[in-house]
Amino acid sequence: MPELPEVETMRRGIAHLAGLRIEGVSFPRHTARPIVTQPAPACLRRRLAGRTIAAVHRFGKRVAIELDVAPRDAGGWLVIEPRMTGLMLVADPPSPAHVRMELRLASRRHPRLIFWDRRGLGTIRLLDAASLAAACGPARLGPDGLAVTADQLGGHLGRSRRAIKVALLDQRAVAGIGNIYAAEILFAAAVDPRAPCRRLRLGDWERIAAATRSILAAAVALEGSSIGDETYRTADNRSGRFQLQHRVYGRAGAACRECGAPIVRIVQGQRSTFFCRGCQWQPRR
DNA sequence: CGTTCAACCTGGGCGC
DNA sequence: TGCGCCCAGGTTGAAC
């Protein structure tokens, strides 16, 4: 679920909590295996209680809550990675059973912040500045998708033999693109997802970079994509609306809105790729 | 260097 | 109704 637009919407939906003090922390649900936290929940609870939210940031597909200065460096960054089904919520969760962490806040209007995760693949980590730099710095995350340039994309991927669709999911090349937006970006750029990166020319990279910025920005403006029933929700429990703009993702067999040809689904890197054979082209050699 | 596979989890949808 | 499969927005590490 959460790719850059959804995580950015989460960030915006909880940014107003800056300035509030964390009064208590609970980890209510333990199923077969609890989600990954670092450090362990009991220790995390001690280190978070009493601290104040300074600001809320986003690094790629991660939400990073900056805390006030730690008394004895307890780590100043609470980094949450929603993975497939994680949500940051100030509203009631879709189901109480999958609340993984609840921060109780010193505010009557905003009494809590919840991390909810049905599948439980998400992670919660409290990091110091050095660990944050290692986890979210340029070695791990490339330029943000909202601002990536053709030079950056082509420079990083231009000599790769990988298919462009697979390469766009590489977070070191560009941060924030996931399976939905990779498909939508390549449709907007009119590039065949199977095209090897090394075959792409400058004009292709320019269209891909421009489509990356514009598709992600449009999706942020519509608060992300909500597909199916129990799926992505904003922090105050509303649906995103960008799914109404999808041109290829999830539309296998349906007619392309541009040319009428059927959208096809293939598998690349063990994940579904959707594209239109009529509108998306391999570069000519 | 690149690809493939399994693993981590829960739940919806489908065919039989 | 139930069972067994396939599918799902992500990431990581091992094996080849």
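Keep in mind it's a predicted model, so treat the numbers as computed, not measured. Worth knowing before you read on, the calculation uses all heavy atoms, side chains too, and leaves out hydrogens, waters and symmetry mates. Below, chain A is the first sequence line, B the second, and so on; all start at residue 1.
C:dG10 atom C1' lies 16 Å from atom CD1 of A:Ile80, rounded to whole Å. Distance CZ (A:Arg172) to P (B:dC1): 9 Å, rounded to an integer number of Å. Taking atom CZ of A:Arg118 as the reference point, atom P of B:dG12 lies 7 Å away to the nearest angstrom. A:Leu141 has its CG atom 13 Å from the C1' atom of C:dG10, to the nearest Å. One interatomic measurement links the two molecules: CG of A:Asn179 to C1' of C:dC7, which rounds to 12 Å at whole-angstrom precision. C:dG10 atom P lies 14 Å from atom CG of A:Leu87, rounded to whole Å. Atom P of nucleotide C:dA8 and atom CD of A:Glu3 are separated by 13 Å, given to the nearest angstrom.
Only the P atoms considered, B:dA6 is 15 Å distant from C:dC5, to the nearest whole Å. Here the separation of C:dG13 from B:dC9, taken at their P atoms, is 16 Å to the nearest Å.
As judged by a 4.0 angstrom heavy-atom cut-off over every strand, A:Arg159 is placed among residues making no nucleic acid contact. Contact annotation for A:Thr123: no contact, since no heavy-atom pair falls under 4.0 Å across all strands. Using a 4.0 Å heavy-atom distance criterion, A:Gly120 is classed as making no nucleic acid contact.
OP1 and OP2 of B:dC9 both lie 4.0 Å or more from every side-chain N or O belonging to A:His98. In terms of phosphate contacts, A:Ser272 brings a side-chain nitrogen or oxygen within less than 4.0 Å of OP1 or OP2 of C:dA8.
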Scoring nucleotides 11-16 of chain C by protein non-hydrogen atoms under 4.0 Å (B base, S sugar-phosphate only, - none) yields SS----
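Partner of A:Ile124 under the side chain to side chain contact (heavy atoms under 4.5 Å, CB included) criterion, chosen from A:Val36, A:Val79, A:Asp117, A:Leu78: A:Leu78.
Side chain of A:Leu121, nearest nucleotide from B:dT10, B:dC8, B:dG2: B:dC8. Here the nucleotide nearest the side chain of A:Gln270, chosen from C:dA8, B:dA6, B:dG11, is B:dA6. Taking only side-chain atoms of A:Arg162, from C-beta outward, the nucleotide of B:dG2, C:dA8, B:dG11 with the closest atom is B:dG2.
A salt bridge links A:Arg112 with A:Asp92: at least one charged nitrogen is closer than 4.0 Å to a carboxylate oxygen. At a threshold of 4.0 Å, the pair A:Glu102-A:Arg104 does not count as salt-bridged, since none of the basic side-chain nitrogens sits closer than that to a carboxylate oxygen. Taking 4.0 Å as the cut-off between side-chain N and carboxylate O, A:Arg21 and A:Asp68 do not count as a salt-bridged pair. A salt bridge between A:Asp204 and A:Arg207 is present, with a side-chain N of the basic residue lying under 4.0 Å from a carboxylate O of the acidic one.
In this structure, A:Glu81 CD and A:Cys136 SG are separated by 8.0 Å, a value rounded to the nearest 0.5 Å. Taking CD1 of A:Ile80 as the start and CZ of A:Arg11 as the end, the distance is 14.0 Å to the nearest 0.5 Å.
Side-chain contact annotation: A:Tyr232 with A:Glu3, donor-acceptor N/O pair under 3.5 Å absent.
Judged purely by atom type and a 3.5 angstrom limit, A:Trp281 has no side-chain atom pairing as donor or acceptor with the backbone of A:Ala190.
In secondary-structure terms, DNA chain B builds stems of at least 3 consecutive Watson-Crick or G-U pairs, each pair having both distances under 3.5 Å, at B:2-8 with C:10-16, B:10-16 with C:2-8.
The hydrophobic clustering, which links ILVMFWY residues whose side-chain heavy atoms are closer than 4.5 Å, places A:Ile177 and A:Val166 apart.
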